[in-house]
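Values below: every heavy atom of this structure, side chains too, minus hydrogens, waters and symmetry copies. A, B, ... follow the sequence lines: proteins, then strands. Residue 1 opens every chain.
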Amino acid sequence: MLDIKFIRENAEIVRKSLRDRMGEAGTVDELLKLDMRHRQLLQEVEGLKATRNRVSDEIGRLKKQSEDAGKLIDEMKTVSQNIRSIDAEVKGVSQQISSLGLIIPNIVHSSVPVGGGEKDNVEIRKWGQAPVFKFKPLTHLEIGETQGILDFKVAAKLAGSGFAFFSGPGARLVRAMTGFMLDLHTEKHGYREVFPPFLVNRDCMLGTGQLPKLEKDMYRIDEEDLFLIPTAEVPVTNIHRGEIIDGEKLPLCYAAYTACFRREAGSYGKETRGLTRVHQFDKVELVKFVRPETSYDELEKLLSDAEEVLQKLGLHYRVVSLCTAEVSFAAAKCYDIEVWAPGEGKFLEVSSCSNFTDFQARRAGIRYRPASGARAEYVHTLNGSGVALPRVLIALLETYQQEDGSILIPDVLRSYMGGLETITSRESI
RNA sequence: GGCGGGAUGUCCGAGUGGUUGAAGGAGGCGGUCUUGAAAACCGUUUGGCGGGUAACUGCCACGGGGGUUCGAAUCCCUCUCCCGCCGCCA
């Protein structure tokens, strides 16, 4: 959510940002019209309320002195009637304002490349090299099947298409990866580990900006109006919803492992085969609450924290700065990390690191006091995957496959795998 | 799931229809005192939204929403959360 005052005073900046995002700028003017109407009505009704307050005091005084206040009470009945009807109008208008306000995306940062689609994203850097094979590398689907560590038939039997089922060393690999990533971020990068609920209420979803726009993309428990989290960003950012944080405590950095749930309605075809796009996946998420003036530096740090996961795993990847049309709704700037999957022969997105500036903070009411006694201000929030599991597993299996079909385990994971150095089909079920 | 109790400012806590935006305390900030600190004392300290160049000023907010009333922190309804007891259960 943007500050209505900011929109009022900088309408052109907001319009430009919307156009750069390849969106409609008309909502801004609609919003401004409503805002003006809203303020008119406020002035009118507040004048009436001032009268009512004054006269009600007078009535109280008269009654105390056992004098007759009947006439004043009658007058105030009418005034109250008017107040009620104007208040109803105010409520209507301000509801329109907030629902419009909720669908206007964050303003993109000036460093974000302007562009209309994926092709306009700008590659920032590449790390490592694509592995070279003396044989034709298999895809993770083939590897998973021959090694008996990944079984989509069982998954489909249990839950339907778009789910994964890991087995034996495959399942252990999932556990190893989450442990490895959490340890790296907590022990080396200084994040505090948290383990939140996987279901959250509607307020959380509004706070981080998933609602109202993406309601159909999420799994919802009707009975309680709870949502399965699409990312740990939602519960973790909402930890401090409605709070004023002591400025001394910033930055607050959290790392969380959670399962993530996405309906992915409408995506079919080869994108949905294998682990590339599944309804449930595991992810370690990094979330930061920072002082506004530091947020872009913190974004770079967050990005490099996430990159280090891939570096330690020895996986080839690149970092991309998303263009204006691709930066997500709540973000002002976003980097994607894409890992190379040799079997697929392409880069796969495994992390999005975003600066949301004060956009989520304003929605969720997350403020801090810059100094004691100072006025509370909105924090900046950031988050990034550190990283998402399934696609990293794709890259891992495809990168470390050997000619005999076995899979070498990267050094950093071996202690998490009980010392196992290779996965071979002997291990399969 | 059933019954009972509760939710007040940064925190604790008083307040059951009319100067209570809110006593009192703690904490924070400023000051007096002190070589310095502590203690003591004095003062100050909620947020949001409007209007005004400004000084200043209006409205709203006592968990959320709705209602009664000339007037609600205070009465009624409803929801959420917390605590206790019973039931159920990994």
Base-pairing mate for B:A14 - Watson-Crick or G-U, with both contacts under 3.5 Å: none
Any A:Arg39 side-chain nitrogen or oxygen under 4.0 Å from OP1 or OP2 of B:G52: no
Most 5' of A:Asp35 and A:Lys49 on RNA chain B, judged by nearest nucleotide: A:Asp35
A:Glu398 side chain to A:Ala395 backbone, donor-acceptor under 3.5 Å: no
Partner nucleotide of B:C89 by Watson-Crick or wobble geometry (both distances under 3.5 Å): none
Separation of the P atoms in B:C12 and B:G5, to the nearest angstrom: 23 Å
Side-chain touch A:Pro230/A:Cys260, heavy atoms, less than 4.5 angstrom: no
Separation between the C1' atoms of B:C81 and B:G63, rounded to whole Å: 8 Å
Whole-angstrom distance between B:G36 and B:G51, as gauged at atom P: 50 Å
Donor + acceptor pair across side chains of A:Ser354, A:Lys333 (<3.5 Å): no
Minimum-distance nucleotide (side-chain atoms of A:Glu46 versus B:C70, B:G51, B:C59): B:C59
Nearest-Å distance for atom pair CG/C1', residues A:Asp225 and B:G64: 15 Å
Any strand: nucleotide that pairs with B:A22 via Watson-Crick or wobble, under 3.5 Å: none
Pairwise side-chain contact, A:Glu308 with A:Met181, heavy-atom cut-off 4.5 Å (strictly under): no
Span that lies between the P atom of B:G21 and that of B:U46, in whole angstrom: 15 Å
Pair assignment for B:A7, Watson-Crick or G-U wobble, requiring both distances under 3.5 Å: B:U80
Rounded C1' spacing from B:A72 to B:C60 in Å: 14 Å
Rounded distance (Å) that lies between atom P of B:G71 and atom CD of A:Glu58: 16 Å
N/O (side chain, A:Arg8) to phosphate O (OP1/OP2, B:G50) under 4.0 Å: yes
A:Gln81-A:Arg84 side chain donor-acceptor pair, cut-off 3.5 Å: no
Between A:Glu193 and A:Tyr257: side-chain donor-acceptor atoms closer than 3.5 Å: no
Length of the line joining A:Gln43:CD and B:G50:P, which is rounded to integer Å: 11 Å
A:Arg52 vs A:Lys5, nearer the 5' end of RNA chain B by closest nucleotide: A:Lys5
Paired nucleotide for B:U46 [Watson-Crick or G-U wobble; both distances under 3.5 Å]: B:A61
Inter-nucleotide C1' distance (B:G71, B:C75), Å rounded: 13 Å
N or O in side chain of A:Asn53 less than 4.0 angstrom from B:G58 OP1/OP2: no
Nucleotide B:G64, atom P - distance to CZ of A:Arg202 in whole Å: 20 Å
Nearest-neighbour nucleotide for the A:Leu42 side chain, B:G50, B:C59, B:C70 considered: B:G50
Phosphate OP1/OP2 of B:U69: any A:Ser80 side-chain N/O under 4.0 Å: no
Interatomic distance, A:Ile59 CD1 vs B:C70 P [rounded to whole Å]: 9 Å
Cation-pi geometry met for A:Arg192 and A:Tyr254 (6.0 Å, 45°): no
A:Arg84 side chain near B:U68 phosphate (N/O to OP1/OP2, under 4.0 Å): yes
Touch class at under 4.0 angstrom, heavy-atom based, for A:Arg54 against every strand present: nothing
Base-pairing assignment for B:C33 (Watson-Crick or G-U wobble, both under 3.5 Å): none
Interatomic distance at P, B:G66 relative to B:A73, whole Å: 15 Å
Presence of A:Lys91 side-chain N/O under 4.0 Å of B:G66 phosphate oxygens OP1/OP2: yes
Rounded interatomic separation in angstrom, taking CG from A:Leu62 and P from B:G71: 16 Å
Spacing of A:Glu44 atom CD relative to B:C49 atom P, expressed in whole Å: 22 Å
Interatomic distance where CG belongs to A:Asp203 and P belongs to B:G65 [whole Å]: 11 Å
B:G84 and B:U68, which share atom name P, separated by this distance in whole Å: 38 Å
